[in-house]
Amino acid sequence: MRFAFTDEQLALRQGAEEVLEGTCTPADIRAIYDSGDVAQGRSDLRWSALNDLGVLSLLAGEDVGGLGFGDVELVGVLESGGAVCLPEAVAIHAGVAVPLLQSLGAPLASRLSEIIAGGSAISVGGVDSDLSGPVVRWFDGEAHAERVEGVSRAAFFLLASANDDGVLVSFVPREHCVIERTPSLDITRDLGTVTWTPTPPTTIASGDDAVVLIDEIASRSAFVAAAELCGVVDAMVTETALYTKDRQQFGSPIGSFQSIKHLVANVRVGLEFARPAVYRAAWSFATQDDRRHHDAALAKALASELGLLAASTCLQVHGGIGYTWEHDLQFSLKRCWALASAHGDAATQRARAMVLGLSN
Amino acid sequence: MRFAFTDEQLALRQGAEEVLEGTCTPADIRAIYDSGDVAQGRSDLRWSALNDLGVLSLLAGEDVGGLGFGDVELVGVLESGGAVCLPEAVAIHAGVAVPLLQSLGAPLASRLSEIIAGGSAISVGGVDSDLSGPVVRWFDGEAHAERVEGVSRAAFFLLASANDDGVLVSFVPREHCVIERTPSLDITRDLGTVTWTPTPPTTIASGDDAVVLIDEIASRSAFVAAAELCGVVDAMVTETALYTKDRQQFGSPIGSFQSIKHLVANVRVGLEFARPAVYRAAWSFATQDDRRHHDAALAKALASELGLLAASTCLQVHGGIGYTWEHDLQFSLKRCWALASAHGDAATQRARAMVLGLSN
Amino acid sequence: MDFTFSEDEQAFRAEAAQWLSANIPAPGSLGSLDTKEGFEKHRAFERLMFENHWSVVSWPEEFGGRDVGIIEWLIFEEEYYKAGGPKRVSQNGIFLLAPTLFDFGTDAQRARFLPPMASGDEIWCQGWSEPDSGSDLASLRSSATRVDGGWTLNGQKTWASRGAFAEWCFGLFRSDPEQERHRGLTYFLIDMESEGITRRPIAQLDGETGFAEIFFDDVFVPDAQVLGDVGQGWAVAMATAGSERGLSLRSPARFSEAVKRLYELLIEREGEPSAPLTRLADQTAQAYCNAQAYELQTWWTATSIREGNGVGPEASATKIFWSEMDLHIHQTALEILGPNAALRERDGSLSDWLDGFLFSLAGPIYAGTNQIQRNVVAERLLGMPRK
Amino acid sequence: MDFTFSEDEQAFRAEAAQWLSANIPAPGSLGSLDTKEGFEKHRAFERLMFENHWSVVSWPEEFGGRDVGIIEWLIFEEEYYKAGGPKRVSQNGIFLLAPTLFDFGTDAQRARFLPPMASGDEIWCQGWSEPDSGSDLASLRSSATRVDGGWTLNGQKTWASRGAFAEWCFGLFRSDPEQERHRGLTYFLIDMESEGITRRPIAQLDGETGFAEIFFDDVFVPDAQVLGDVGQGWAVAMATAGSERGLSLRSPARFSEAVKRLYELLIEREGEPSAPLTRLADQTAQAYCNAQAYELQTWWTATSIREGNGVGPEASATKIFWSEMDLHIHQTALEILGPNAALRERDGSLSDWLDGFLFSLAGPIYAGTNQIQRNVVAERLLGMPRK
């Protein structure tokens with residue numbers, strides 16, 4: 001029993017932070033906000049830099065060109081991405097799509113190898129988290145997956161679907177899909193609806209295999225969103241605490257007022273207890289522990305609740321200035337609101353965690 | 001439209017306050033707590049004083065010896081009783097039993113007249129508040145009503161029961177009942193289980209009439225408990241605010257600390273919004289407005305939630321001393337906990353209010 | 001106590017309902033208040049209301065009102081929100097400035113300013129806050145310097161709702177530089193077309209320009225546009241501050257109508273509620289009970305006001321209550337909507353619930369943060385020590 | 001990172017579980033800690049644990065422990081609560097004083113005090129608070145005056161848990177009357193049988209005597225019973241204050257076992273939960289998630305401690321979290337029980353849930369109120385300004 005990161009793991013996180021510090025500045029995010037379109041961001045540079053660092057294929061085996069690491073190495077990188085409101089869907093690519101393709105073994109190895117070599121992006125769609133298990137899209141000829149992340153960049157999609165005959169998971173190249181982008185409050189989230197026709201050549205799992213895979217997608221999606229949430233909350237609460245030192249009212253920094261202290265302290269307490277749950281989920285995925293679905297639900301439940309608390313608290317503490325377009329706080333607020341409800345909100349996930357954990 | 005009390009109504013409340021100030025002091029309540037038995041209190045004196053003031057038969061017609069007033073006159077008296085943690089079940093007698101017997105008209109008039117002349121107490125049992133409507137005790141020969149208030153003093157019981165043949169309301173003299181007292185955390189609440197055998201001579205309503213009566217009992221019980229809760233919360237928050245002026249820590253009165261201010265302020269805000277709902281319910285009962293069931297549920301929902309908030313807040317602000325047997329705060333805390341869950345807790349009553357108010 | 005509406009009150013309600021149902025524009029047809037086009041459409045509707053004497057029912061008839069009491073005003077508000085009336089572009093003037101003009105203005109000021117305020121011909125914005133004076137309003141530094149026949153204003157105001165398009169501004173300036181905090185302030189009425197005024201619209205969280213910064217660079221204001229006595233600005237402003245915190249900006253019907261929509265949304269997602277309630281149904285029930293409580297407390301306060309009592313520190317309790325209720329209603333709606341809540345419509349616009357949520361977030365901040373209001377409740381309603 | 005338990009750890013767990021299942025007394029059979037009889041029964045069980053080396057597993061073997069690490073200690077705690085172990089009557093000594101003795105005591109003090117503490121032969125109570133020094137511990141006034149060979153203590157301490165029956169007391173006294181606040185305090189170990197000590201039991205909300213006031217009237221304490229340096233009492237006490245706020249008093253298993261019982265209670269009332277959850281089921285799920293989070297954060301902290309890091313201001317976050325979780329668990333249970341929750345049993349005793357609720361109410365108050373802890377989190381974890 002040792003629940004801590006290794007020096008190597010911490011160094012990898014720091015490497016990601018350094019890359020993001022240079023390539024994903026508040027000015028970069030503001031450029032996206034002001035243009036109103038995430039596709040206007042300097043995303044190629046960022047994507048390449050993260051690819052060069054090996055982040056994108058961290059969970060792929062060395063045989064296919066990956067680093068052969070696990071989720072414990074990845075989780076810090078995901079937090080770093082959350083902290084800067086990373087516009088690219090790195091979490092879905094590196095934390096959901098790559099490990100699932102990797103888990104399918106030999107049949108997908110050459111495809112994965114090509115993708116990694118080319119630095120292509122994979123996105124995932126068609127799965128919702130729900131207490132009753134993953135819900136996939138019904139289709140009749142065409143299938144539609146809503147709120148797919150990173151649609152502008154994705155070269156491939158891992159897509160779940162269902163009809164009366166059963167459940168499928170398909171691996172579909174972009175050119176076989178129709179993509180309609182979905183405007184979002186968080187402009188930096190590159191969402192869209194993906195429409196495709198499932199065909200035998202694109203099917204990579206069906207029946208029970210597909211059900212298992214979809215369960216993995218749902219849990220992994222929840223886990224990576226929870227990690228991102230911890231990152232964004234950490235950044236927000238740190239910035240907010242600094243703001244309270246500078247902002248003067250009634251002749252004192254507002255951070256000296258007890259009511260302000262206690263509001264911000266509550267967020268910090270929440271973070272103190274959400275993070276270990278996210279790290280535990282990372283370990284469970286890394287080791288394919290039976291607890292991983294439970295742990296992902298627990299992590300997302302705590303992180304979603306924390307994200308909403310952090311957003312309303314940090315806005316309140318900033319006062320009017322936080323409510324403006326020109327203050328960078330809005331980036332984090334909107335990321336929190338989006339991630340809190342994506343991939344299972346707090347209530348859905350805590351129900352899932354309790355039922356998985358207690359009903360036998 | 002005029003939503004305020006008249007001078008006469010305010011004078012009546014003040015009269016009750018004065019009587020209680022002399023007959024229901026903290027020392028009186030402490031005597032009950034220290035003896036461990038509500039029957040040890042100086043209850044005869046209090047009961048007579050309230051009877052002399054006309055409070056007990058406020059809602060009875062002048063023809064049967066009452067004052068012929070309405071619930072708008074009564075509500076302030078109920079609050080006053082709550083404020084001093086009145087051990088006698090005046091609210092149930094004067095706010096539930098008397099008006100219901102009064103509403104049954106001629107057949108019960110001579111009984112009611114005798115009771116009023118004799119200063120006897122009536123209690124009520126067998127009804128629970130629930131979203132699905134009142135639940136009454138099933139019986140087979142004997143019926144049992146639990147958590148009946150004021151069992152030591154009651155000379156008569158208004159009791160609801162049901163079996164496969166339907167629903168009954170009985171009016172039963174004490175000598176036909178077996179009474180087993182129930183120890184309660186709030187020692188001043190004189191609770192017990194009443195066992196009786198419903199017989200035709202004691203039946204005062206059956207079938208649909210009984211269902212209607214039971215509904216009135218449930219709503220009136222909720223209303224009077226809500227009024228008592230507002231009284232106890234008002235007294236608690238006032239005492240707590242005073243305490244924060246006296247208690248010094250870190251060289252200042254604790255009431256000067258913002259965190260303490262905000263905790264207490266939240267209770268005061270809740271009271272500001274619960275009271276008008278209680279007063280509106282009083283008016284609805286006084287005028288037999290169709291809204292009265294809704295208004296009673298609303299009042300109890302708000303008051304129950306407020307009572308729990310007030311109890312935990314005032315205890316926290318008092319710190320360790322409030323946690324002791326020797327501090328009088330415990331009287332109010334325990335009264336709040338008891339009343340918050342009696343006659344429908346906040347969740348049950350707010351569900352009832354919403355469904356009555358919005359589903360058409 | 002009497003909850004029955006009199007025949008006159010009922011007749012007033014019927015007349016209001018009838019006119020409103022015939023004249024309220026279709027939902028959304030006026031566009032956003034925060035665009036020039038939407039602003040003018042809203043202004044046109046204000047004029048229509050004014051012409052039919054519905055704009056300011058509680059004002060004297062000479063200024064365009066019906067001279068009715070606060071109870072009738074609440075009845076009108078109920079009918080206005082039931083009918084789906086749009087946001088009032090003139091609200092800063094008619095709800096926040098007008099009470100002060102009635103109490104402290106000269107006859108000439110009332111005659112000059114009230115009718116065009118009520119007709120929407122002159123829209124007012126508020127010039128209270130400054131960049132370094134938010135909750136701590138008494139720290140404001142924008143100055144007024146005595147000159148021949150009036151005053152010269154300098155400085156900067158911010159968070160001026162409607163400030164991007166308004167014709168007039170009311171605000172506090174420090175007229176005596178020797179005095180500090182609450183002393184030495186004067187209340188001015190300022191023509192936004194005056195030389196030396198620059199406005200800079202500020203976009204909000206939703207990207208729309210809800211407010212503006214206003215820069216004053218040697219702006220001349222004649223003596224006739226001083227409201228109340230020179231140096232008494234704080235007292236003048238605070239005498240009616242309860243209006244902003246209390247009921248005038250947030251009539252209960254706004255919330256009860258929102259809760260009805262919330263209940264419909266709940267049923268769409270979960271079906272008719274049954275006991276024991278689900279978490280979201282329970283949150284909806286909480287919203288329902290709060291809205292009902294708010295309505296009842298409003299009638300209670302309105303009766304008290306009608307009987308000659310002023311609006312006291314209870315207004316701070318009211319402000320805390322409505323702002324947190326509003327947030328709760330919208331948070332619940334977004335939870336019911338789930339992951340779709342944070343999406344925009346296809347045309348990029350915000351759904352009514354998301355728009356309402358963003359708006360509700362400002363509630364605990366503006367008109368004195370809820371932190372400040374809790375201090376007021378503790379100190380003035382409960383007598384807790386200031387320091 | 002490695003969540004697998006080593007073979008040694010697993011063997012340790014198995015041994016503990018086996019011994020505990022064979023020896024833990026039947027629930028309720030020891031009576032209440034707060035009666036003399038119950039106190040002695042609890043003490044007897046402590047002795048049994050000690051004789052089998054289970055009383056203080058993490059202590060060196062010479063003092064009766066097994067010299068195992070913090071991970072094993074947590075494993076032991078898990079098994080202890082799973083087996084339904086009773087409250088530890090010796091907890092003040094073994095959890096709050098012992099860490100300080102290990103860090104600051106002399107060899108002679110450790111040899112003298114630790115074994116009887118672990119065996120339950122000497123039960124300790126805490127002498128921190130005074131009537132006017134609750135959250136503001138640094139304001140304490142009880143005095144220690146230098147005399148030949150030791151000190152004379154005068155003053156009054158309060159909220160001493162176990163103070164009604166304890167044999168020994170540890171506490172802070174002002175040894176230098178010239179110094180104020182945190183300076184000039186000394187940490188003493190006091191025999192409760194000393195001449196000049198009077199104890200007055202204080203009854204709690206439940207009517208039982210949970211704590212005592214202790215009056216010191218010229219009580220002599222020899223130099224050998226000063227812990228740490230004279231005048232350094234504050235530093236000595238604070239060095240291990242994290243123990244009280246943090247994990248040592250509240251091992252995660254207490255809460256996860258409580259949540260299991262809560263879940264059973266929920267099912268009794270509402271049946272198996274299904275989506276969408278009812279309000280009470282959702283509250284239970286919150287309790288479940290919090291207890292899980294607490295357990296994981298404890299392993300995280302324990303690893304950090306084992307790797308040589310001290311317990312920092314994070315302990316304040318921990319204290320806020322467990323105390324509010326404990327309250328939430330019990331409030332939810334009482335809501336599930338409904339109007340019967342506030343009743344006593346037929347014999348007048350409190351149900352476990354009601355008893356636990358009353359106990360949980362003290363959590364946000366003692367060991368530094370949660371208001372104080374939030375200040376610590378804000379100032380020391382977030383760097384917000386003190387003044």
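Just so we're on the same page: letters track the sequence lines, and every chain starts at 1. Atom set for the values below is all heavy atoms of this structure, side chains included, hydrogens, waters and symmetry mates excluded.
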Residue B:Phe257 versus chain C: region with a heavy atom under 4.5 Å:
neither
Among C:Phe5, C:Trp299, C:Phe321, which residue forms the greatest number of heavy-atom pairs with chain B at distances under 4.5 Å?
C:Phe321
Indicate, with yes or no, if the rings of B:Phe223 and B:Phe285 have centres closer together than 6.0 Å.
yes
Less than 4.5 Å to any heavy atom of chain C: does that hold for the side chain of B:Val264, its backbone, both, or neither?
both
Please classify the contact between C:Gln371 and chain B as side chain, backbone, both or neither, with a heavy-atom cut-off of under 4.5 Å.
both
Heavy-atom pairs under 4.5 Å with chain B, option from C:Ile71, C:Asp282, C:Thr4, C:Asn370 with the top count:
C:Asp282
Please confirm whether C:Phe95 and C:Trp59 have ring centers closer than 6.0 angstrom.
no
NZ or CZ of B:Arg280 within 45° of B:Phe3 ring axis and under 6.0 Å
no
Residues C:Lys82 and C:Glu79 bridged, charged N to O under 4.0 Å:
yes
Would the C:Trp54 and C:Phe12 ring centres measure less than 6.0 Å apart?
yes
Are B:Val233 and B:Cys336 side-chain neighbours, meaning at least one heavy-atom pair lies under 4.5 Å?
yes
Tell me, out of C:Leu296, C:Ile267, C:Leu381, who's got the most heavy-atom pairs with chain B below 4.5 Å.
C:Leu296
Between B:Ala277 and chain C, which part of the residue has a heavy atom less than 4.5 Å away: side chain, backbone, both or neither?
both
Among B:Lys245, B:Gln258, B:Glu305, B:Arg268, residue most engaged with chain C (heavy-atom pairs, under 4.5 Å):
B:Arg268
Check whether C:Glu272 gets within reach of chain B through its side chain, its backbone, both or neither, counting any heavy atom under 4.5 Å.
side chain
Please look at C:Thr284 and chain B and tell me whether the side chain, the backbone, both or neither of the residue comes under 4.5 angstrom of a heavy atom of that chain.
both
Which atoms of C:Leu382 approach chain B - backbone, side chain, both or neither, heavy atom under 4.5 Å
both
Indicate whether any N or O donor in one side chain lies under 3.5 Å from an N or O acceptor in the other, for B:Asp295 and B:Ser284.
yes
Relative to chain C, which segment of B:Ile260 carries a heavy atom at a distance below 4.5 Å: side chain, backbone, both, or neither?
both
Validation row: B:Arg350, B:Lys300 side chains within 4.5 angstrom (heavy atoms):
no
